[in-house]
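Here the structure comes first, spelled out in structure tokens, and everything after it is commentary.
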2 protein chains.
Amino acid sequence: MHLDEPMGIFSKTCEYAMRAVFYIAQKSEEGQKVGIREIALHINSPEPFLAKILQKLSKDGLILSSKGPNGGFYVDSGGLQRPLADIVRAIEGDSIFTGCGMGLSYCSESNPCPLHEDFKKVRGQIVVMLQNTLIGKFNEGLIAGQLTLNK
Amino acid sequence: MHLDEPMGIFSKTCEYAMRAVFYIAQKSEEGQKVGIREIALHINSPEPFLAKILQKLSKDGLILSSKGPNGGFYVDSGGLQRPLADIVRAIEGDSIFTGCGMGLSYCSESNPCPLHEDFKKVRGQIVVMLQNTLIGKFNEGLIAGQLTLNK
DNA sequence: TAAATAAAAGATAAAAAACTCTTTTATTTA
DNA sequence: TAAATAAAAGAGTTTTTTATCTTTTATTTA
Ligand code: FES
Ligand code: FES
């Protein structure tokens with residue numbers, strides 16, 4: 001298994017989406033809309049690929065966008081209150097929240113895989129992390145420069 | 001994002017590897033070597049693809065193999081005591097143990113991403129799960145049929 | 001209304017992961 | 001020693017993910 005760039009538990013698509021949304025949230029809190037170029041630059045992602053991701057999130061209503069000069073992506077105050085889980089679910093689907101850690105097509109108490117008990121806890125902690133993380137949660141830290149979104 | 005089969009936190013390669021090793025361990029405890037066909041059948045994986053995975057694990061010394069009639073894959077008593085983490089690390093590399101949850105090229109205290117604190121805990125729990133799970137740990141449950149390796 | 005700006009959409013392209021097939025090598029046993 | 005068995009190795013193929021490029025549509029402002 002060859003690894004140029006490390007592979008985490010989320011797909012790249014999802015990682016870009018999470019970073020982008022935090023960046024947009026930060027700018028929205030400052031009252032600004034922000035273009036793809038600027039987002040890509042600040043979260044270190046390929047610009048046209050990011051465009052696709054943001055289009056999807058926008059179509060799903062998870063972020064907002066407007067065209068034309070002074071346009072760009074943004075979130076409203078309601079959006080700032082949504083959990084990061086919504087983003088992840090839109091990109092990765094549900095399986096990260098409910099799937100079996102060993103790849104069985106189900107995850108059930110009555111027919112558990114060997115990792116079932118332990119994995120349930122891990123999954124639970126991931127869910128808690130993503131549900132507790134509201135999109136606007138880190139705006140202060142980001143604005144203050146204590147937190148990072150680019151490599 | 002289209003999902004035929006759900007995507008978990010491990011790659012399919014890794015899922016097959018984990019399931020296969022548990023199956024081999026179970027058979028080894030019963031004193032039997034086991035062929036690829038039988039493993040693939042019992043863990044529900046594509047046989048030639050599984051062959052590749054087992055070749056890699058074998059080359060890395062994580063499982064043992066012998067050719068010819070009555071040959072097959074097996075683990076010795078030392079192998080039964082190794083943690084599942086060794087398998088996962090061989091297949092997925094290190095990043096699942098150390099990487100950043102949001103895809104930054106580093107994960108550091110001094111320059112953390114927004115999820116850093118929460119994600120450290122998740123990662124830690126994954127490490128604990130994989131380190132505490134010795135390969136022979138579930139042999140009784142598997143033999144007794146209380147645990148499942150196929151879909 | 002014309003020019004500039006910026007996202008949306010669509011069509012490809014490249015890379016990686018998942019999967020298959022064929023040939024070779026080693027081992028056993030009859 | 002010949003036949004059978006089973007893994008090893010190598011060379012593909014297919015599918016999915018990641019990334020790029022081009023054209024279109026909408027909006028703003030000068
Ligand atoms: S059955 Fe595998 S995690 Fe529940
Ligand atoms: S910097 Fe992202 S998890 Fe540590």
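Side chains included, hydrogens not; waters and symmetry mates left out as well; all remaining heavy atoms used. Each chain gets a letter, A, B and so on, in the order the sequences are listed, and its residues count up from 1.
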- Taking 4.0 angstrom as the limit, do A:Glu92 and A:Arg89 come out as a salt bridge? no
- Watson-Crick or G-U wobble mate for C:dC21, both contacts under 3.5 Å: D:dG10
- Rounded to the nearest Å, what distance is computed from the NZ atom of residue B:Lys59 to the C1' atom of nucleotide C:dT25? 14 Å
- Message: Heavy atoms within less than 4.0 Å of DNA chain D: which residues of residues 27-50 of chain B have one? Give them sorted by number.
- Response: B:Val34, B:Gly35, B:Ile36
- Query: At under 4.0 Å, does any side-chain N or O of B:Asn70 touch on OP1 or OP2 of D:dA6?
  - Reply: no
- Item | Rounded interatomic separation in angstrom, taking CD1 from A:Ile24 and C1' from C:dA7 | 12 Å
- Message: Could you tell me how far apart B:Ile53 (CD1) and C:dA17 (P) are, to the nearest whole angstrom?
- Response: 13 Å
- Answer with yes or no whether B:Lys52 presents, from its side chain, a donor or acceptor under 3.5 Å of a partner atom in the base of D:dA9. yes
- Give the rounded distance in Å between these two atoms: NZ of B:Lys56 and P of D:dA8. 13 Å
- Is B:Ser28 reaching over with its side chain to a backbone N or O of B:Val75, donor-acceptor style, under 3.5 angstrom? yes
- Task: Once you apply the 3.5 Å cut-off to both distances, tell me the Watson-Crick or G-U wobble partner of C:dA30, or none.
- Result: D:dT1
- Verdict with supporting geometry, B:Glu30 and B:Lys27, salt bridge (charged side-chain N to carboxylate O under 4.0 Å, His left out): CA-CA 5 Å; B:Glu30 300 178 297; B:Lys27 287 295 175 178; 3.8 Å; yes
- Query: Taking atom C1' of D:dT17 as reference, at what distance in whole Å does atom CZ of A:Phe10 sit?
  - Reply: 17 Å
- Query: Has the side chain of B:Asn139 got a donor or acceptor atom that lies under 3.5 Å from a matching backbone atom of B:Gln26?
  - Reply: yes
- Message: D:dT18, OP1 or OP2 - any side-chain N/O from A:Thr13 closer than 4.0 Å?
- Response: yes
- A:Leu64 CG to C:dA8 P, straight-line distance once rounded to whole Å: 11 Å
- Closest-nucleotide 5' rank along DNA chain D - winner of B:Gln55 and A:Pro69: B:Gln55
- Side chain of A:Ser58 (C-beta onward), nearest among C:dA8, D:dA8, C:dT28: C:dA8
- Kindly say whether A:Leu84 contributes a backbone atom to a donor-acceptor pair with the side chain of A:Thr133 at under 3.5 angstrom? no
- Message: What's the closest nucleotide to the side chain of A:Phe73 if the choices are D:dA4, C:dA8, C:dA9?
- Response: C:dA8
- Message: Tell me the interatomic distance from A:Lys67, atom NZ, to C:dA7, atom P, rounded to whole angstroms.
- Response: 10 Å
- Task: Taking atom types as modelled, find out whether B:Glu38 and B:Tyr23 have a side-chain donor-acceptor pair closer than 3.5 angstrom.
- Result: yes
- Query: Does A:Ser66 place a side-chain N or O at less than 4.0 Å from the phosphate oxygens OP1/OP2 of C:dA6?
  - Reply: no
- Would you kindly check whether a donor in the side chain of A:Lys12 faces an acceptor in the base of D:dT18, or vice versa, at under 3.5 angstrom? no
- Message: Is the positively charged end of A:Arg123 above the ring of A:Phe97, judged by distance under 6.0 angstrom from the centroid and angle within 45° of the axis?
- Response: no
- Would a distance-only check, ignoring hydrogens and angles, find a side-chain to backbone donor-acceptor pair under 3.5 Å from B:Arg19 to A:Met102? yes
- Task: Round to a whole Å and report the spacing from CD1 of B:Ile91 to C1' of C:dA18.
- Result: 13 Å
- Query: Can you find a side chain N or O atom of A:Tyr16 that sits less than 4.0 Å from OP1 or OP2 on D:dA19?
  - Reply: yes
